[in-house]
Each structure stands twice: as C-alpha cells, then as structure tokens.
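A quick write-up on the structure given underneath.
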Amino acid sequence: MLDLNESAESVTSQNGENGIIEAIFDEIGTKNKVCVEFGAYDLKELSNVYPLWNSEGWRSILIEGDPERHDQLQDHYREHSGNTGEVELIQSMVETTGRNRLDAILERQGVPLDFDLLSVDVDGMDYHIWKELNEFSPRVVVIEFNPTILPWKRVVGSADGNYVGASLQAISELGYSKAYDLVITTVNNAIFVKEEESDPFPDTNDIDAALEPHFEETLQMIRVLGRTYEGEFFFSGPPTHGQSFTFAGEHSESFEVPE
C-alpha cells in the first residue's frame, strides 16, 4: 500500500514536501503542470514548488506582496540559470475579497481552473484565503496549519486579519467542505487531493493516521494555556515563534472559534 511518508524528501521544502508532492503526481498524473505558490521565503528557500519549475518544466506563478522582496525575487530570477519552466513573479497581497482575492489574481494570469498545485503559507490568513477560493479548483493543495494548537480542536484566527492561523482540524474540515481529502501531513503542512482522485492514498481524512509518523515532534510543539490555583495564566512551554505570548485581552489577536 502506498505510504507517502516514505517519499518525504526536501530539496527546498521544510519538512519533506518536495518528495511528497512528486509522489502524489506520480500517482495521479499531471494535467497542465501549473502551480501557484505564495508565502515562500524566496525563489527556492522553504519553497514547495522550486523543483517543479527548475527541473520539471512546470509553469509557476509565485506571488509576493512585499515590494522590496518582490524586487529581490526578480533579481534572483534574472541571475538564475537552468530553469526549464516558465516563472511568473506577481507583486500582490493575496486577500479574501476584492481585486486581490486569489480568484481574481489567477484569472488575470490565465491560470487553468483545474491547475495542478496550490501551495499556501502566509502565517495567518491561509484558511480564509483558501475558503474564499471559489472559481478555481486546484487538484492538490498544500496549506499550512498552526502546529502549536491541539490538532483535534477547531480553532481559526479572525477573518479580519490574524497571525493565529488555524488548527489541523479546522483546515481538514474546510478541505472536506470543498471536496478534498486529506492525504498526509508534515509537521506544519496539510496536503489535500481532490476527492475524486484520492483513491490511491490510504487513511484519507484520518487526522490520527496523518499525525502518527511525526507525533512526538508535534507534541513538542503544542502549547496549552492553563491557570494556576491563584488565577494566573501559564503556558505549557516557551513560545515557538517570537518572544512573547498572545493573551485573549485588549492587545491580543481576536479569535473566531466556530461552534
């Protein structure tokens, strides 16, 4: 039986996503060799799609919102040699409504409605951006979840903007509602395949099975908020990002926790 965890390998990805993506398309094939990525650190560092355009001839739409970083990406691409695919660098923030919603950006670029791969990593609004993608239906979606939240608890950061992100449970439910099956997770990414193409993959939509290969590492990242017998808050460990904690108070992020 196919085990995608055995294919985990990183060329430029963080936790084996490059090899997993290759293995998925070995099973389901490609239709158009078009991928879209936004939130990557640069052209190839921490990128889930770099090998696709650099070695496999894929057309890649890489979206960067920060003007200075976008200019830097253009400079790096001009200096790059050896790529076999078309790369389009788009300077735009990806939002949930209006001209900069993902549907609108992809339409302007002439992307096929059923393009092969979408990779989302924006440290906060990932859930809401995917939720509002309605006109396009990528065959495979790689999307970040917040591994410091209990994976079985449904938690979603505010749709008004947040750095909270969403739990694995919330991301999985969203995928299911959009007719996708969860086929594997890495430490911080959930990978989905359209449900009509997911038959080759075992244990789809089983969060426990998806977490099992790296469960110990996941447990080390989860942070639980408690309260002392004197009424003070405490956390189960130090922050995994940044230097401070966010509390549910006047200066904190707002939370949207659906029932």
Please confirm whether the backbone N or O of [Y] pairs with a side-chain atom of [X], one donor and one acceptor, at under 3.5 Å?
| X | Y | result |
| --- | --- | --- |
| Asn146 | Val164 | yes |
| His128 | Gly161 | no |
| Asn162 | Ser158 | yes |
| Asp181 | Val183 | no |
| Lys131 | Thr96 | no |
| Asp203 | Asp206 | no |
| Arg108 | Arg99 | yes |

### Query
Can you list every ring pair (Phe, Tyr, Trp, His ring centres under 6.0 Å) pair that touches residues 177-209, not counting sequence neighbours?
Trp130-Tyr180, Trp130-Phe192
Provide the closest heavy-atom pair for [X] versus [Y] in the form atom of the first, atom of the second, distance.
| X | Y | value |
| --- | --- | --- |
| Ala170 | Tyr127 | O-CE1, 3.5 Å |
| Ser92 | Ile63 | O-CG2, 3.4 Å |
| Cys35 | Leu52 | SG-CD1, 4.2 Å |
| Asp126 | Val122 | OD2-N, 2.9 Å |
| Gly16 | Ser10 | N-OG, 2.7 Å |
| Ser47 | Glu37 | OG-OE1, 2.8 Å |

Listing, residues 134-142 side-chain donor-acceptor contacts under 3.5 Å, not counting sequence neighbours, or none:
| from | atom 1 | to | atom 2 | distance (Å) |
| --- | --- | --- | --- | --- |
| Asn134 | ND2 | Glu132 | O | 3.4 |
| Ser137 | OG | Lys194 | NZ | 3.0 |
| Arg139 | NE | Glu197 | OE1 | 3.4 |
| Arg139 | NE | Glu197 | OE2 | 3.0 |
| Arg139 | NH1 | Gly29 | O | 2.9 |
| Arg139 | NH1 | Asp116 | OD1 | 2.6 |
| Arg139 | NH2 | Ile28 | O | 3.1 |
| Arg139 | NH2 | Gly29 | O | 3.2 |
| Arg139 | NH2 | Glu197 | OE1 | 2.6 |

Check whether any side-chain heavy atom of [X] lies under 4.5 Å from a side-chain heavy atom of [Y], and answer yes or no.
| X | Y | result |
| --- | --- | --- |
| Glu88 | Val36 | no |
| Leu62 | Trp53 | yes |
| Leu117 | Ile24 | no |
| Pro147 | Phe145 | yes |

Taking atom [atom1] of [X] and atom [atom2] of [Y], what is their separation to the nearest 0.5 Å?
| X | Y | atom1 | atom2 | value |
| --- | --- | --- | --- | --- |
| Leu168 | Leu182 | CG | CG | 6.0 Å |
| Lys178 | Glu195 | NZ | CD | 12.5 Å |
| Ile143 | Ile191 | CD1 | CD1 | 11.5 Å |
| Glu9 | Glu6 | CD | CD | 13.0 Å |
| Arg101 | Leu106 | CZ | CG | 10.0 Å |
| Ile184 | Thr204 | CD1 | OG1 | 13.0 Å |

Which residues satisfy the side-chain contact (heavy atoms from CB on, under 4.5 Å) test with [X], sequence neighbours excluded?
| X | value |
| --- | --- |
| Pro51 | Val11, Thr12, Asn18 |
| Gln169 | Arg154, Ser167, Glu173, Ile207 |
| Glu212 | none |

### Message
Clusters formed by hydrophobic residues whose side-chain heavy atoms approach within less than 4.5 Å: which one holds Val187, and what are its other members?
### Response
Met221
### Message
Restricting to side chain to side chain donor-acceptor pair (under 3.5 Å), what partner residues turn up for Thr185, sequence neighbours left out?
### Response
His214
Report the residues that fulfil salt bridge (Lys or Arg N to Asp or Glu O under 4.0 Å) with [X], sequence neighbours left out, ordered by chain and then residue number.
| X | answer |
| --- | --- |
| Glu107 | none |
| Lys31 | Asp114 |
| Asp26 | none |

### Task
Check the pair Leu118, Leu102 against side-chain contact (heavy atoms from CB on, under 4.5 Å), reporting the backbone distance first and the verdict last.
CA-CA 11 Å; Leu118 171 65; Leu102 188 54; 4.2 Å; yes
### Task
Check step by step if side chain to side chain donor-acceptor pair (under 3.5 Å) holds for Asn189 and Asn15.
CA-CA 9 Å; Asn189 277 310; Asn15 293 296; over 6 Å; no
Is there a path from [X] to [Y] through hydrophobic residues (I, L, V, M, F, W, Y) whose side chains come within less than 4.5 Å of each other?
| X | Y | result |
| --- | --- | --- |
| Leu89 | Met93 | no |
| Leu211 | Leu150 | yes |
| Trp152 | Tyr176 | no |

### Task
Evaluate the criterion side-chain contact (heavy atoms from CB on, under 4.5 Å) for residue pair Ile20 and Thr186; output intermediate values, then yes/no.
CA-CA 9 Å; Ile20 292 169; Thr186 61; 3.8 Å; yes
### Query
Can you name the residues that form a ring pair (Phe, Tyr, Trp, His ring centres under 6.0 Å) with Phe25, not counting sequence neighbours?
Trp58
### Query
After noting the C-alpha distance and the side-chain angles of Glu17 and Asn188, does the key distance pass the side-chain contact (heavy atoms from CB on, under 4.5 Å) rule?
CA-CA 10 Å; Glu17 290 86 356; Asn188 60 342; 4.1 Å; yes
#### Entry: Within 6.0 Å of CD in Glu196, more than 12 heavy atoms from elsewhere
yes
May I have the list of side-chain donor-acceptor pairs in residues 224-234 shorter than 3.5 Å, sequence neighbours left out?
| from | atom 1 | to | atom 2 | distance (Å) |
| --- | --- | --- | --- | --- |
| Thr228 | OG1 | Glu230 | N | 3.2 |
| Thr228 | OG1 | Gly231 | N | 3.3 |
| Thr228 | OG1 | Glu232 | N | 3.1 |

### Query
Are Ile105 and Phe38 close enough, and set up right, to give a side-chain contact (heavy atoms from CB on, under 4.5 Å), and what steps lead you there?
CA-CA 12 Å; Ile105 294 172; Phe38 56 98; over 6 Å; no
